[in-house]
Amino acid sequence: MHDAIVSVPEPINETVRGYAPGSPERAAVKAALKQIEGEVIEIPCVVGGARIHTGVIKDVVMPHRHQHVIARYHAATPEVAEQAIRAALVARKEWSAMRWEARAAVLLRAAELLAGTWRARLNASTMHGQSKTAHQAEIDSACELIDFWRFNVAFAQQLYTQQPKSSPGVWNMTELRPLEGFIFALTPFNFTAIAGNLPTAPALMGNTVVWKPAETQVLAAWDIVRILEEAGMPAGVINFIPGLPHGSTNLLLDHPALAGIHFTGSTDVFRMMWRRVAENIDKYATYPRLVGETGGKDFILAHPSADPAALATAIVRGGFEYQGQKCSAASRVYVPRSVWGAMKDQLVDTTQSLKMGDVSDFTNFMGAVIKQTAFDKHSAAIAEARETRGMEIIAGGETKGDTGWFVRPTLITTEDPMVRHMREEFFGPIVTLHVYPDEAWTETLALVDRTSPYALTGAIFARDRAAIVEATTALRDAAGNFYINDKPTGAVVGQQPFGGARASGTDDKAGSAMNLLRFTAARTIKETFLSPTDYRYAFLDAP
Ligand code: NAD
């Protein structure tokens, strides 16, 4: 359809299902979990719509039962990556010329498929592949990804609708062109929704993509490929190259047609890619857009007027849900002495009581951490705390890696607020707390601001309005997502656009118009209806 100015369906956040005993969603996801446990599927690369079996086989295991292989994937080789670039550039011709409503319809259909027939499967893949509980999978691989697809379509419409003024006899227009070249999307292990959003957001704006998911998220990533295929995503628009050796990513970064990077992952990897792009700057046909959301050292700061019970709950949920493996997870906490006295016991007792284990047992609040190297890193951080003067492990501290990579939720207090545990991202269930004298509130604000290079999320707890105003101002640059009396995790698409600045990224807010705009190059068109036919202006006339 060409001759219509259409409106897209009004997006509404997908309702989070409860998975209570006896519910149909619980039965469906349990059946899907069983199916995954009983099979070892083979996952190919997909380039230009063709499945490629490279023969370089890698295992996908369950982090909570790491001897159990649930899939094998064919890792991409450098040749496959080159083919993927070529396929993206070929597909770009038709896809970028297609009306945007047609591109949008593919994502809206994908959202419906995921909300319906694919929901249980993608949640189960995320549970077994990434060790998420049913609730954590539901808010990620079902609701957030459905929301990304539906809301991005509405944001795209808003962007395309914004037009410049025209004047008498002149018609001005702006079109948002896709970038010239291909987009390289690299996605992290911890959110299936991010894996689905990073390749599809640029695609919605008419770009074509080479997508490399994290090695530990390939099972759910493969489901996303199949959902998009079923939704009618044309061949070559999104090319799937799991397992490309890290050393070979330069092949994509060095390509003259690299038009943009859509990255979520750790800060070091993003910086490495940025450096490479900088070195290559003379080679490119256009300046590549670098969009990266990276690490965090997210804080909770309590004021003496904070509600102790609300604070304790925020620390437990914000610090330990999904084993602390959220970029937004609270990992450094500042509590005034008076509030600490009123909440310490509750916090320690609750933390000790958290049940951890296999995510197919729905009574578990937590699963395993993603891989051996993560387990080793967390174990080392706990051992270091045990040996450091002024630090004390007040809950957790145990690790057990024989069947699954399990790290108990761990609370550590520190007298020194500048220890490594308050500055560096561990990306695990480790929360370090500093108890400060009540009268040092203002100094503590300055401390929170300067302790870590990151600025992703942060939360303050206070009932005193003047303190809330003071903290909101003092911590203006300390977090891209700032929470008042709430945990610093759980951003919802369309409600709390997500991203941080400083070392945490380019703050382009995934799931917002700001993010989509980065994958476009505006063209302004001016048409003059009656063109001047004489070069002379009136002022040139003789008096
Ligand atoms: P990661 O950086 O290890 O991996 C991200 C992607 O980069 C993966 O596809 C991976 O294969 C690739 N990669 C890793 N090392 C590479 C290398 N040397 N060369 C080329 N590619 C490489 O991150 P992760 O462990 O998957 O995810 C956790 C990190 O992501 C944390 O730092 C977390 O804070 C961050 N994160 C940030 C956000 C956000 O919105 N700010 C959201 C989720 C995760």
Side-chain angles (χ1 to χ4, degrees), residues 58 63 73 75-76 78 81 129-130 132 136 140 144 148 184-199 201 209-218 220-221 240-254 261-277 291-298 322-331 369-375 377-378 424-428 452-458 479-481 488-491 493 496-512 515:
K58 308 267 178 187
Y73 68 93
Q130 293 139 260
K132 290 206 171 189
Q136 291 300 316
D140 166 21
E144 189 170 345
F148 274 137
F184 184 21
L186 286 105
T187 56
F189 80 84
N190 67 332
F191 274 90
T192 296
I194 297 177
N197 183 47
L198 265 50
V209 182
V210 177
W211 170 29
K212 192 185 91 60
E215 293 71 12
T216 40
Q217 196 267 335
V218 175
F240 180 64
I241 55 160
L244 180 73
H246 290 163
S248 301
T249 32
N250 284 347
L251 196 146
L252 291 115
L253 301 176
D254 295 351
I261 294 176
H262 205 189
F263 176 79
T264 297
S266 51
T267 300
D268 286 351
V269 175
F270 187 53
R271 287 183 173 169
M272 183 203 74
M273 291 196 291
W274 192 301
R275 271 185 220 109
R276 188 83 189 184
V277 167
V291 177
E293 294 302 333
T294 64
K297 189 69 194 174
D298 309 301
Y322 191 38
Q323 298 79 265
Q325 298 175 118
K326 299 188 184 189
C327 51
S328 53
S331 59
V369 301
I370 193 72
K371 57 184 176 183
Q372 182 72 48
T373 50
F375 178 82
K377 185 178 189 178
H378 306 148
E424 291 180 21
E425 183 185 55
F426 297 143
F427 220 57
S452 148
Y454 298 108
L456 190 52
T457 75
N481 283 60
T489 56
V493 177
Q496 297 96 24
F498 190 81
R502 293 187 181 163
S504 292
T506 53
D507 199 17
D508 289 300
K509 303 292 187 209
S512 79
N515 175 277

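This one's a predicted model, so the numbers in the text were calculated from it and none came from an experiment. Every number for a ligand or one of its atoms is a count from 1 in the order of the listing.
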T506 and D508: side-chain donor and acceptor closer than 3.5 Å? yes
Using distance alone, with no hydrogens and no angle criterion, decide if S328 and T489 have a side-chain donor and acceptor under 3.5 Å apart. no
[X] side-chain N/O to [Y] backbone N/O, donor-acceptor pair under 3.5 Å:
{"X": "N481", "Y": "G458", "answer": "no"}
{"X": "H262", "Y": "T187", "answer": "no"}
{"X": "T267", "Y": "G295", "answer": "yes"}
{"X": "T192", "Y": "A220", "answer": "no"}
{"X": "E293", "Y": "G500", "answer": "yes"}
{"X": "K297", "Y": "E425", "answer": "no"}
{"X": "S504", "Y": "T294", "answer": "no"}
{"X": "Q323", "Y": "G428", "answer": "no"}
{"X": "D507", "Y": "A501", "answer": "no"}

Heavy-atom nearest neighbour in the protein, as seen from [atom], with distance rounded to 0.1 Å:
{"atom": "atom 27 (O) of ligand 1", "result": "P188 CB, 3.5 Å"}
{"atom": "atom 11 (O) of ligand 1", "result": "K212 NZ, 2.5 Å"}
{"atom": "atom 1 (P) of ligand 1", "result": "S266 OG, 3.6 Å"}
{"atom": "atom 33 (C) of ligand 1", "result": "F427 CE1, 3.3 Å"}
{"atom": "atom 8 (C) of ligand 1", "result": "T187 O, 3.2 Å"}
{"atom": "atom 38 (C) of ligand 1", "result": "C327 SG, 3.0 Å"}
{"atom": "atom 7 (O) of ligand 1", "result": "F263 CE1, 3.6 Å"}
{"atom": "atom 4 (O) of ligand 1", "result": "G265 CA, 4.5 Å"}

Report yes or no: does [X] have a heavy atom closer than 4.0 Å to ligand 1?
{"X": "F270", "answer": "no"}
{"X": "M272", "answer": "yes"}
{"X": "F191", "answer": "no"}

Using a plain distance cutoff, I'd like to know if [X] has any nitrogen or oxygen under 3.5 Å from a nitrogen or oxygen of ligand 1.
{"X": "T264", "answer": "no"}
{"X": "S504", "answer": "no"}
{"X": "T267", "answer": "no"}
{"X": "L456", "answer": "no"}

Where does [X] meet ligand 1, judged by heavy-atom distances below 4.0 Å: at the side chain, the backbone, both, or neither?
{"X": "P213", "result": "backbone"}
{"X": "E425", "result": "side chain"}
{"X": "T216", "result": "neither"}
{"X": "N190", "result": "side chain"}
{"X": "I194", "result": "side chain"}
{"X": "Q217", "result": "neither"}

Interfacing atoms of ligand 1 (cut-off 4.0 Å, heavy-atom, F498): 39 (C), 40 (O)
With under 30° as parallel and over 60° as perpendicular, where do the rings of F427 and F189 fit, or are they tilted in between? perpendicular
Taking the cut-offs as 6.0 angstrom to the six-membered ring centre and 45 degrees off its axis, would you call K132 and F191 a cation-pi pair? yes
